[in-house]
Amino acid sequence: YFSQNQIEKIENLGCFPNLWFLCLAGNRIQKVENLQPLRDLRVLDLSHNHIQTLDPEELPRSLRLLDLTGNGCTRERGYRELVVGALPHLLQLDTHPVRGRQEEEEEEEEGGGSSSSEEEDEELLLELSGPFTAGKDFFVDLQRELAGRARRRRREVLQEHRARLEELRERRGLLLPPTPR
């Protein structure tokens, strides 16, 4: 079902501190380690590896989605409770929603507790469902989605820039050429 890749150890990721999505599915990883420097990591797919024992202290607290499907550790007694208890922002574990967390996140958003980029990240994360490795088109779809979001952000920034230029022109009576539309 999954082709076996060659990665045996999680290492050398400290140079990517802003990484928020990491897929190491279908490898030969036996231990979750060296992820603490990834303080912005939101999505982690370690499905179909060789992880028999999980130390939740090795997981970044920022995780929203975690997939360990196909690893021996998921069959350990109390596995789900242990992981959910260790990760305060987790919304989905092994393709199943974490009950109650989504409602808490929505309440925080209504209270103005998150920025627009965090809200966009949350929207993207909530749109992702099923195992990340379920189909070959996942990364194509993800790339398409991210490209669409980038285009929308550029459009919004350009509109805001034009509005500010227009405001400056009106406020200061500057003789600026009209902004092209």
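The first residue in the sequence is number 1, and the count goes up from there.
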Check whether any side-chain heavy atom of [X] sits under 4.5 Å from a side-chain heavy atom of [Y], and report yes or no.
X   : Y   : result
D67 : D94 : yes
I29 : I7  : yes
L38 : L44 : no
T53 : E76 : no
L54 : L82 : no
L35 : E58 : no

Please name the pair of heavy atoms, one in [X] and one in [Y], separated by the smallest distance, quoted to 0.1 Å.
X   : Y   : answer
D40 : W20 : O-CB, 3.4 Å
V32 : L59 : CG1-CD2, 3.7 Å
P56 : A86 : CB-CB, 3.5 Å
R80 : H96 : NH2-O, 3.5 Å

Got a sec, which residues hit side-chain hydrogen bond (donor to acceptor under 3.5 Å, both in side chains) with R164, two or more places apart in sequence or on another chain?
-> E160
With R61, which residues qualify under side-chain hydrogen bond (donor to acceptor under 3.5 Å, both in side chains), at least two apart?
->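 Testing R61 for side-chain hydrogen bond (donor to acceptor under 3.5 Å, both in side chains), a comparison that skips the adjacent residues, returns E57.
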Spacing of CG belonging to L91 relative to CG belonging to L66, to within rounding of 0.5 Å =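 Those atoms lie 11.5 Å apart.
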Is there a side chain to side chain contact (heavy atoms under 4.5 Å, CB included) between L93 and L87 once you walk through the steps?
-> CA-CA 10 Å; L93 176 59; L87 301 174; over 6 Å; no
Can a donor-acceptor pair be found, under 3.5 Å and without considering hydrogens, that links the side chain of [X] to the backbone of [Y]?
X   : Y   : result
N49 : N27 : yes
D45 : S47 : yes
S62 : R42 : no

More than 12 foreign heavy atoms under 6.0 Å from CZ of R39: is that the case here?
->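 Open.
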In sequence, state the C-alpha distance, the side-chain angles, and the governing distance for Q30 and Q52, and then conclude on side chain to side chain contact (heavy atoms under 4.5 Å, CB included).
-> CA-CA 7 Å; Q30 295 181 20; Q52 297 301 318; over 6 Å; no
Just jot down the side chain to side chain contact (heavy atoms under 4.5 Å, CB included) partners of K31, sequence neighbours excluded, or say none.
->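 Checked K31 against side chain to side chain contact (heavy atoms under 4.5 Å, CB included); matches are E33.
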Show your reasoning for whether side chain to side chain contact (heavy atoms under 4.5 Å, CB included) applies to L22 and F16.
-> CA-CA 11 Å; L22 179 60; F16 302 107; over 6 Å; no
